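Below, chain A is the first sequence line, B the second, and so on; all start at residue 1. None of these values were measured; they are calculated from a predicted model.
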Amino acid sequence: MSNTAPLAAQGAGVGRSGRVALWARGFSRGLAPVLTVVAAILALWYLACIPMNAPQSVLTASRADIAVDPESPSDRRGMSGTALALRNPGVALSYAYVQDRPKLPAPHQVSVELWNSTAVLAPTSPRSLIYHAWVTLSATALGFAIGTGLGILLAVGIVHSRVMDMSVMPWAIISQTIPIIAIAPMIIVVLYSVGIQGLIPKAVISAYLSFFPVIVGMVKGLRSPDSMQLDLLRTYGAKKSEMFWKLRLPSSMPYLFASLKIGFAASLVGAIVGELPTGASAGLGARLLAGSYYGQTIQIWSALFAAAILAALSVGLIGALERVLLRRMGMQQ
Amino acid sequence: MTAQPVIRAKDLNLTFQTNDGPVHALKDVDLDVSKGEFVSFIGPSGCGKTTFLRCVAGLETPTGGSLTVDGMTPDEARKARAYGYVFQAAGLYPWRTIGGNIRLPLEIMGYSSSEKARRVKETLELVDLAGFEKKYPWQLSGGMQQRASIARALSFDAPILLMDEPFGALDEIVRDRLNEELLKLWDRTQKTMLFVTHSIPEAVYLSTKIVVMSPRPGRISDVIDSPLPKERPLDIRDSREFIEVAHRVREGLRAGMEVA
């Protein structure tokens with residue numbers, strides 16, 4: 001940076017300091033588009049609540065002796081929510097956001113439930129989402145660790161052995177074509193029959209989903225050095241192990257982190273899916289399942305959001321780790 | 001210049017088997033290189049100049065004839081660390097500093113850490129990059145990166161330096177400077193240089209011996225011993241001797257093309 005002010009600083013001509021202009025530009029580039037999209041989604045969501053919840057709104061109103069348009073319930077039965085909302089706009093609007101079990105809960109209802117089940121309740125309470133998120137996260141983390149380790153090991157084998165290259169990769173691909181929802185109950189039943197239950201079966205399903213992106217990314221990463229770089233090491237008389245530690249592994253780091261981000265998201269899905277068929281009593285999956293049993297839509301949506309927030313935080317954490325590591329390695333400018 | 005050849009190729013042949021049939025990359029190559037010589041290999045693409053260098057380095061295996069490097073087979077010479085190799089691209093590791101890149105061969109060859117530090121410092125001074133040890137490759141210009149890669153090849157003090165179009169990707173101004181510096185480096189280190197290039201002025205300016213090669217099959221069409229003095233300022237390129245040698249190289253290249 002020079003000490004003199006640039007002749008044409010950003011915003012210099014419009015009476016703002018360069019710093020403010022820069023901030024404004026950063027805002028318009030970064031935050032503003034995000035907020036616009038969020039606002040649009042929220043508006044659409046609120047709007048959708050009216051017709052989605054209209055049948056229930058009209059029913060509640062008629063029970064409270066408020067006049068509703070087709071008076072007889074049998075006439076209303078075949079009507080769509082949109083038609084009901086159009087014929088009873090006042091009722092549909094006033095009851096859309098206050099139901100206990102709405103078909104589509106409004107954003108604020110989900111937010112309140114999220115707040116109550118995280119901040120208000122003690123984390124040890126069985127109704128606390130923090131408790132359930134922790135149960136799911138521990139299985140996710142274990143599965144992610146197993147999957148990542150397995151993926152890296154297999155990738156190293158594939159890169160160094162032609163036999164493994166020919167034999168492992170097709171199976172890895174085939175393994176991912178089987179729907180996890182079909183194989184998850186089998187894994188749980190088989191492991192249960194040998195006396196393993198609880199965290200491990202869920203972690204196994206997590207690992208099953210997360211090893212694949214890691215193996216694909218690491219094979220690509222370990223093979224990323226070009227022939228010139230390999231030849232150079234050969235001229236030094238380097239051993240295969242030295243080629244691995246000094247060239248292949250460092251070259252693969254950007255690929256590894258890209259894989260880890262995908263792998264973690266897959267792990268979380270695996271852990272949640274692993275909680276569904278067991279009728280597990282704890283975990284975000286269990287929370288989703290219980291919510292759908294009892295028509296607790298608000299609970300379902302808040303569990304969904306908890307899972308999404310968990311994934312976003314974790315992937316963000318991996319991204320931060322990546323930036324720190326790559327910067328320390330001098331690979332990010 | 002002593003008579004003992006450092007590199008001796010006799011009837012050297014190399015045929016690659018490809019899907020389109022065999023390709024004769026080197027045919028009956030005979031060449032002796034004495035200690036301390038600066039030999040340039042020039043010729044069009046496919047003439048086998050890089051292949052010959054790779055044979056010397058033990059990166060390709062000849063299919064016929066004999067080749068000795070420092071009295072050993074190329075493979076033994078490679079294991080004895082008889083040469084440093086500079087590629088067209090600098091190929092520095094982005095995750096290592098300049099010093100770390102130069103340390104790379106020393107780590108593999110098992111030098112002690114004090115020896116490593118000493119050699120890194122020395123070779124950086126040799127290529128005029130002192131003070132850049134802690135910088136990362138992306139902080140250096142293309143010419144500086146290539147100098148660092150030469151330092152990396154020099155760090156373990158091998159008697160032979162093999163250079164495969166090291167300045168091919170650089171602009172002419174930088175290339176002129178590096179050529180001048182390379183001559184100084186050669187004078188100071190007394191190494192045997194094998195230098196592959198596409199450029200006639202570069203070959204004539206640098207070399208004591210110019211090997212003109214021609215393609216299909218790759219072979220030597222002329223070997224020119226340069227009459228130029230060892231002391232070579234850049235403006236020697238306007239002298240009559242220089243132009244005469246350049247002319248002979250050009251003639252050799254043209255003749256090789258006509259036969260093919």
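- Checking A/Ser206, A/Ser314, A/Ser210 one by one against A/Ser267, the side chain to side chain donor-acceptor pair (under 3.5 Å) holds for a single residue, A/Ser210.
- Residues of residues 146-167 of chain B lying within less than 4.5 angstrom of chain A, judged on heavy atoms, are B/Arg152, B/Phe156 in numerical order.
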Before you tell me yes or no, could you show the steps for B/Arg54 and A/Asp231 under salt bridge (Lys or Arg N to Asp or Glu O under 4.0 Å), namely the whole-Å CA-CA distance, both residues' side-chain angles and the distance that decides it to 0.1 Å?
CA-CA 10 Å; B/Arg54 289 176 62 85; A/Asp231 276 345; 2.7 Å; yes
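- Across B/Gly84, B/Ala57, B/Ala89, B/Gly100, the residue that shares the most heavy-atom pairs under 4.5 angstrom with chain A is B/Ala89.
- Taking chain B as the reference chain and counting heavy-atom pairs below 4.5 Å, the highest number among A/Met228, A/Glu242, A/Arg234 is found for A/Met228.
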Go through B/Ser40 and B/Ser207 one step at a time and tell me if the side chain to side chain donor-acceptor pair (under 3.5 Å) criterion holds.
CA-CA 6 Å; B/Ser40 282; B/Ser207 322; 2.5 Å; yes
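- A side-chain N or O of B/Asn13 and one of B/His24 form a donor-acceptor pair less than 3.5 Å apart.
- Electrostatic pairing of B/Arg103 and B/Glu133 counts as a salt bridge here, judged by a charged N lying under 4.0 Å from a carboxylate O.
- Between B/Trp186 and B/Phe38, the two ring planes are perpendicular [angle over 60°; tilted spans 30° to 60°].
- Residues A/Val214 and A/Phe211 have side chains not in contact (no heavy-atom distance under 4.5 Å, counting atoms from C-beta outward).
- Other residues, nucleotides and ligands contribute more than 12 heavy atoms inside 6.0 Å of the CZ atom of B/Arg96.
- With hydrogens and angles left out, the side-chain atoms of B/Glu202 and B/Thr197 include a donor and acceptor closer than 3.5 Å.
- In this structure, chain B has a heavy atom under 4.5 Å from the side chain of A/Leu233, while its backbone stays farther away.
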Can you list the steps and then say if B/Phe41 with B/Phe52 is a ring-ring contact (aromatic ring centres under 6.0 Å, His included)?
CA-CA 9 Å; B/Phe41 296 81; B/Phe52 180 75; 5.3 Å; yes
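- For B/Ile108, the parts sitting under 4.5 Å from any heavy atom of chain A are the backbone and the side chain alike.
- The stretch residues 70-83 of chain B places B/Arg78, B/Arg81, B/Tyr83 near chain A, each with some heavy atom under 4.5 Å from a heavy atom of that chain.
- The pair B/Glu107-A/Lys246 counts as a salt bridge, with a side-chain nitrogen and a carboxylate oxygen less than 4.0 angstrom apart.
- Heavy atoms of B/Tyr93 lying under 4.5 Å from chain A belong exclusively to its side chain.
- Rounding to the nearest 0.5 angstrom, the gap separating the NZ atom in A/Lys261 from the CG atom in A/Leu256 is 11.0 Å.
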